[in-house]
Amino acid sequence: MPELPEAETIARGLDGQVRGRRLLAARCLRKGICERKVRYPVGARVASVRRRAKKVLIHFDDGTTLLVSLGMSGQVRPRPAGPLPKHTHLLLTFEGAEFVYVDPRRLGRLAPPREATTMLAPAEEVARWCEERLGPDAVDVGWPAFREALARRRGALKPLLLNQRVVAGIGNIYADEILHRAGIHPRARPADLPEAALRRLHRATRTVLRRAIRANGTTFRDYVTPTGARGDFGKLLAVYGREGERCRRCGAAVERLRWPPGRSTWYCPGCQPEPEEI
DNA sequence: GACGATGTTGGCAC
DNA sequence: GGTGCCAACATCGT
């Protein structure tokens, strides 16, 4: 679930609740997701909480930044009264507010993806790490940068949209929604498309992500934001997960592809015609 | 109980 | 460089 809109929702929620407050304690409960030995900046105040692509960045006023990669099921939520929720891996205690990092599938890291050390580093170091691996941020990329990111790329559009080095922040749900809104088939290749289609794709990218942010993201299972709210974008999904249901725009039955490998893609054959075979 | 899905990412082979 | 396969995990539906 955590794609760009969910990360944005988490970052905004945290920012509103902890900015200016001191970190009083941090307790890592599962090595490998966070790091028990790392010295969290206890005593430092939160300067801001921001988002880059699908990652949440907690900036402290001592110059350090904590990078949160949410993986498939990572959540940051208020600590409930009583026992810690199942799969709580980190407890963050701020002045007047306490949060848990919960991640059942354990694919997230309080660090870069798949690295078992906490990335709690000088802000510039974290920023450099991000810039080396991430393309322009999908929600605010301008048209020239968007076109440039896709120019000369050979592959099909859906895998390109999922590639964080091409455009950063889009995952499986929003890739399908964006392609549907743009009326482009997921297997179409950017080089074969007229510029007008790429412009539609650019506009659709920004529109879909902005709407999802406005709805606080898409809630699967028990995802909640740091303020405890649920994401409402699920009701607005046009194709994702709607195999066999009617397209809200043209009435055709939504289809599902088992592709790219290991994933699924939903699209509307009426709105998103097959690309011409070469 | 088995099997096959699931929002991410990175490494590998071809 | 593109593509496919696998891995890391727990959980849920059939």
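Bear in mind that the values here come from a model prediction, so they are computed numbers and not experimental data. Letters A, B, ... mirror the listed sequences (proteins, then strands); counts begin at 1. Because only heavy atoms are used, hydrogens play no part in the values below, and waters and symmetry mates are left out as well, while side chains stay in.
Taking side-chain N and O atoms only, Ser69(A) has no distance below 4.0 Å to OP1 or OP2 of dT8(B). When the side-chain nitrogen and oxygen atoms of Arg258(A) are compared with OP1 and OP2 of dA5(B), one or more of them lie within a distance under 4.0 Å. Applying the 4.0 Å criterion to OP1 and OP2 of dC9(C), one finds that His87(A) has every side-chain N and O outside that range. Close to dT11(C), at under 4.0 Å from its OP1 or OP2, lies a side-chain N or O of Lys86(A).
Outside the 6.0 Å centre-distance limit, the rings of Tyr40(A) and Phe60(A) are not counted as a close aromatic pair.
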Practice item. Check step by step if salt bridge (charged side-chain N to carboxylate O under 4.0 Å, His left out) holds for Lys54(A) and Glu6(A). Key: CA-CA 8 Å; Lys54(A) 306 176 187 177; Glu6(A) 291 75 28; over 6 Å; no
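Picking from dC9(C), dT9(B), dT6(B) the nucleotide with the shortest atom distance to the side chain of Arg106(A) gives dC9(C).
Judged by distance alone with a 3.5 Å cut-off, a donor-acceptor contact links the side chain of Arg105(A) to the base of dC9(C).
Every side-chain hydrogen bond (donor to acceptor under 3.5 Å, both in side chains) that Arg256(A) has, sequence neighbours left out, goes to Ser264(A).
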Practice item. Using Watson-Crick or G-U wobble pairs with both distances under 3.5 Å, give me DNA chain C in dot-bracket, 5' to 3', with [ ] for crossers and | for pairs to another strand. Key: .|||||||.|||||
Polar pairs (N or O, both sides) under 3.5 Å between protein and nucleotides 1-3 of chain C?
unit_1	atom_1	unit_2	atom_2	d
dG2(C)	OP1	Arg154(A)	N	3.2
dG2(C)	OP2	Arg153(A)	NH1	3.2
dT3(C)	OP1	Arg189(A)	NH1	3.2
dT3(C)	OP1	Arg189(A)	NH2	3.3

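Contact check on Glu274(A) versus Arg187(A) returns no salt bridge, with no Lys/Arg side-chain nitrogen under 4.0 Å from an Asp/Glu carboxylate oxygen.
Under the 2.5 Å cut-off for SG-SG separation, Cys34(A) and Cys28(A) qualify: their sulfur atoms lie closer than that.
Listed for the Arg199(A) side chain is no donor-acceptor partner under 3.5 Å among the backbone atoms of Arg203(A).
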